[in-house]
Amino acid sequence: MPEVYKITGYTGVKSEDLDKISSTEDDVALLDSYFEEAMSYIQDVVIRFGGVVLNNKDAEIILNMPSNWNSTILSSLSRTMRQFTVNYICMQWFNLSKKEEVKNYEDSCERLTEAMKKYLFERVKPSRT
């Protein structure tokens, strides 16, 4: 949530309407519901390889990848999932507070979803010994 607070706060400052646009810890119940929605969306993306386990206000994504999966991209996959989650929460928040921002975050979520899928299907080419 700190990332969400930063983004919404920055947008509020730039829009000169900080109180209306920025999210705070007072909004945590609503933001948590958006977090759960984002995790549900990620679950739909990773269903073939594992799943998402929600633990209170945290989530664990458990993947059982094939042996030929390119494990060197794990950090990229993880970073992409985190970015997706933040962007999804911001998209939902701005749907309430600043509708003109929604399209940017919606487009970003689509792009990040495609990146997640690409990373999940990345394989190491067999080599001849």
Side-chain angles (χ1 to χ4, degrees):
M1 290 304 165
E3 252 337 273
V4 172
Y5 299 144
K6 276 193 253 181
I7 291 169
T8 60
Y10 179 78
T11 304
V13 167
K14 287 296 185 186
S15 299
E16 298 179 1
D17 200 355
L18 183 64
D19 291 338
K20 179 184 173 198
I21 295 172
S22 65
S23 61
T24 65
E25 290 179 2
D26 294 339
D27 304 306
V28 73
L30 182 58
L31 296 174
D32 282 346
S33 72
Y34 295 155
F35 173 77
E36 290 177 10
E37 287 177 26
M39 291 301 102
S40 178
Y41 193 90
I42 288 175
Q43 169 68 33
D44 290 345
V45 172
V46 302
I47 190 75
R48 186 172 175 182
F49 303 105
V52 176
V53 178
L54 290 173
N55 301 317
N56 292 329
K57 295 180 182 187
D58 199 10
E60 182 178 3
I61 300 169
I62 300 169
L63 300 175
N64 297 307
M65 302 306 289
S67 60
N68 66 339
W69 182 65
N70 185 358
S71 60
T72 63
I73 60 168
L74 180 59
S75 64
S76 297
L77 175 61
S78 178
R79 191 172 41 258
T80 301
M81 288 177 169
R82 181 175 174 79
Q83 288 174 328
F84 172 86
T85 303
V86 169
N87 279 282
Y88 185 90
I89 294 168
C90 288
M91 175 185 72
Q92 296 295 62
W93 177 260
F94 288 134
N95 192 42
L96 297 175
S97 65
K98 193 168 195 272
K99 295 219 184 267
E100 57 271 17
E101 290 289 325
V102 173
K103 180 74 172 127
N104 294 332
Y105 288 92
E106 192 175 66
D107 291 346
S108 182
C109 284
E110 287 178 23
R111 182 181 47 78
L112 291 165
T113 298
E114 290 307 311
M116 281 188 277
K117 290 176 182 177
K118 177 184 169 275
Y119 291 143
L120 288 168
F121 287 98
E122 187 78 25
R123 301 293 183 261
V124 176
K125 292 182 181 176
S127 61
R128 295 181 186 192
T129 54

Quiz item: Between V86 and I7, what is the shortest heavy-atom contact and its length?
Solution: CG1-CD1, 3.6 Å
Exercise. Look up atom CZ in R123 and atom NZ in K125, then write down how far apart they are to the nearest 0.5 Å.
Key: 13.5 Å
Quiz prompt | Straight-line distance of F35 CZ to D58 CG, nearest 0.5 Å | solution = 6.0 Å
Quiz item: Taking the side chain as C-beta and beyond, is there a heavy-atom pair between V124 and T72 under 4.5 Å?
Solution: no
Self-check item: Gap separating the OG atom of S78 from the CG atom of L63, nearest 0.5 angstrom
Solution: 10.0 Å
Exercise. Give a yes or no on whether L31 and Y10 share a hydrophobic cluster (residues Ile, Leu, Val, Met, Phe, Trp, Tyr; joining criterion: side-chain heavy atoms under 4.5 Å apart).
Key: no
Quiz prompt | Atom of V53, atom of I62 and distance for their closest heavy-atom approach | solution = CG2-CD1, 3.8 Å
Quiz item: Stepwise, does the side-chain hydrogen bond (donor to acceptor under 3.5 Å, both in side chains) test hold for S15 with K98?
Solution: CA-CA 9 Å; S15 299; K98 193 168 195 272; 3.2 Å; yes
Self-check item: CD1 on I42 to OG1 on T80, rounded to 0.5 Å
Solution: 10.0 Å
Self-check item: E106 and C109: CA distance, side-chain angles, deciding distance, side chain to side chain contact (heavy atoms under 4.5 Å, CB included) verdict
Solution: CA-CA 5 Å; E106 192 175 66; C109 284; 5.8 Å; no
Quiz prompt | Interatomic distance, E122 atom CD to L77 atom CG [nearest 0.5 angstrom] | solution = 11.0 Å
Quiz item: Closest approach of S22 and G9, non-hydrogen atoms and distance?
Solution: CB-CA, 3.5 Å
Quiz item: Can M1 and I89 be said to form a side chain to side chain contact (heavy atoms under 4.5 Å, CB included), step by step?
Solution: CA-CA 9 Å; M1 290 304 165; I89 294 168; 3.9 Å; yes
Exercise. Specify whether F121 and F49 have parallel, tilted or perpendicular ring planes, treating 30° as the upper limit for parallel and 60° as the lower limit for perpendicular.
Key: perpendicular
Quiz prompt | Atom CD of E25: over 12 foreign heavy atoms under 6.0 Å | solution = no
Practice problem: Let me see the working for T8 and F94 under side chain to side chain contact (heavy atoms under 4.5 Å, CB included), right down to the final yes or no. | Solution: CA-CA 8 Å; T8 60; F94 288 134; 3.8 Å; yes
Practice problem: Report yes or no: do L96 and Y88 belong to one cluster of Ile/Leu/Val/Met/Phe/Trp/Tyr joined by side chain heavy-atom distances under 4.5 Å? | Solution: yes
Quiz item: Minimum heavy-atom separation for Q92 to E37, with atom names?
Solution: NE2-OE1, 2.9 Å
Practice problem: Considering non-hydrogen atoms only, spot the tightest contact between G51 and Q43 and give its length. | Solution: CA-OE1, 3.0 Å
Quiz item: Are Y105 and N95 close enough that some pair of their side-chain heavy atoms sits under 4.5 Å apart?
Solution: no
Practice problem: Give a yes or no on whether the backbone of N104 and the side-chain of D107 come within a donor-acceptor separation of less than 3.5 Å. | Solution: no
Self-check item: R82 atom CZ, over 12 foreign heavy atoms within 6.0 Å
Solution: no
Quiz prompt | same_hphob_cluster(F84, L74) at 4.5 Å side-chain heavy-atom cutoff | solution = yes
Practice problem: Using distance alone, with no hydrogens and no angle criterion, decide if R111 and S108 have a side-chain donor and acceptor under 3.5 Å apart. | Solution: yes
Quiz item: Between M116 and Y119, does a side chain to side chain contact (heavy atoms under 4.5 Å, CB included) hold up when you go through it step by step?
Solution: CA-CA 5 Å; M116 281 188 277; Y119 291 143; 5.6 Å; no
Quiz item: If we only count heavy atoms from C-beta on, is the T11 to W93 side-chain gap below 4.5 Å?
Solution: no
Quiz item: Does the side chain of Y5 come within less than 4.5 Å of D27's, by heavy atoms?
Solution: no
Quiz prompt | Partner of M81 under side chain to side chain contact (heavy atoms under 4.5 Å, CB included), chosen from L112, V52, I61 | solution = I61
